[in-house]
Amino acid sequence: MLRIAIQKSGRLSDDSLNLIRECGISFISSSLKLKTESTNFPLEILFLRDDDIPGYVADGVADIGIVGENVLVEEGKQHLTVEQLGFSKCRLSLAVPKATEYKSVADLEGMNIATSYPNILQNFLDENGVKAQIHTISGSVEIAPSIGLAEAICDIVSSGSTLISNGLREVERVFKSQAVLIANEDLSEEKREILAKLLFRIHAVQRAQKTKYIVLNSPNESIERIKELLPGIKSPTILPLAEEGWSSIHSVVQEDAFWEIIEKIKDAGAQGILVVPIEKMIV
Ligand code: ATP
Ligand code: ZN
């Protein structure tokens, strides 16, 4: 049995639970429970505050966990990272009131800066040779300047709308974060085997999320050109259509290259292009 710690309720919770479910791992969850066991995979799930997850995994209370890199690095436990998961992307940024003049990091010299991430911020200031006073507060960092507690803040930003609504301006990006899977460094052989199985499934889910299945019709004389444009898993599947001189081509394309490829294959003569999501992808 492997124990995973995930955030009980917050910005990581839904995506963490979805990832586990997409790996085909079933469990009964209730918002009141702190612990649940999968009904079809040797996994026990603990629901915790995100800040406690790195410590519990380091101590072996949980074997693995899902947490934001910002929390992990702040707690100095980045060595536990096994895998970046690609969700809960955000950044830690420095922001100052709109009216504050700011040209470079040197302008932070001597300022009072409020943050929940004193270690990451201190590192950034040291790297830039700036001396400032850090005020560590646990929440509502964005209101610190307006109540006179600080002249700048260092806080999590995703769209930037919270900063704007508090009259602040983002001036430096300090740290980029996403959710990561972490693991205790001293897992038993049995637990390592379960983790390997889980990782195999996570990779299949991640690959599928990054790719689309594409089906199209092509005049036979365009097949060679279209094949070159479609870098599939191995090579595309080509099947003759009932209509003489036409074939159906099936392949897999990367999500990020997708629009560019579609345009090129249309220009090459493709018709009836279907793009279908892939649920799992094992290579
Ligand atoms: P807890 O009650 O568990 O301590 P919290 O309030 O500290 O929760 P959340 O706000 O739920 O934490 O954020 C959890 C993690 O999600 C953050 O540490 C960060 O990695 C990520 N995160 C935070 N804000 C955003 C955002 N706006 N967009 C994307 N990811 C975010
Ligand atoms: Zn927290």
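One-based numbering, in listed order, for ligands and for the atoms of each.
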Residue and atom name of the nearest protein heavy atom (relative to [atom]), distance in Å to one decimal:
atom	value
atom 29 (C) of ligand 1	Lys89 O, 3.3 Å
atom 8 (O) of ligand 1	Gln7 NE2, 2.9 Å
atom 21 (C) of ligand 1	Cys90 SG, 4.0 Å
atom 7 (O) of ligand 1	Asp50 OD1, 3.3 Å
atom 2 (O) of ligand 1	Arg49 NE, 3.5 Å

Does the [X] side chain pair with the main chain of [Y], one donor and one acceptor, at a distance under 3.5 Å?
X	Y	value
Asp15	Leu12	no
Asn40	Ile25	no
Ser251	Pro236	no

>> Does any N or O of ligand 1 fall below 3.5 Å from an N or O anywhere on Arg11, backbone included?
In response: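 Yes; at least one N/O pair falls below 3.5 Å.
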* Asked: Quick check: does Ser9 get an N/O under 3.5 Å from an N/O on ligand 1?
  ->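 No, there is no polar N/O contact under 3.5 Å.
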*What's the atom name of the N, O or S in Asp51 nearest to the Zn ion (ligand 2)?*
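Relative to the Zn ion (ligand 2), the closest nitrogen, oxygen or sulfur of Asp51 carries the name OD1.
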**Prompt:** If you check every N/O/S atom of Asp50, which is the one nearest the Zn ion (ligand 2)?
**Reply:**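 Going through the N, O and S atoms of Asp50 one by one, OD1 ends up nearest to the Zn ion (ligand 2).
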Around atom NZ of Lys197, are there more than 12 heavy atoms from other residues, nucleotides or ligands closer than 6.0 Å?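 Not buried by this count: 12 neighbours or fewer within 6.0 Å.
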Subject >> Heavy atoms from other residues, nucleotides or ligands near CZ of Phe200 exceed 12 (cutoff 6.0 Å) >> reply: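 12 or below, so no.
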Element-labelled atoms of ligand 1 that are located less than 4.0 Å from some non-hydrogen atom of [X]:
X	result
Asn70	17 (C), 18 (O), 19 (C), 20 (O)
Asp51	4 (O), 7 (O)
Ser158	26 (C), 27 (N), 28 (N)
Gly68	20 (O)
Val71	18 (O)

### Task
Could you tell me whether Glu263 and Lys266 make a salt bridge, using a distance below 4.0 angstrom between a side-chain N and a carboxylate O?
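Judged by the 4.0 Å cut-off on N to carboxylate O distance, Glu263 and Lys266 do not form a salt bridge.
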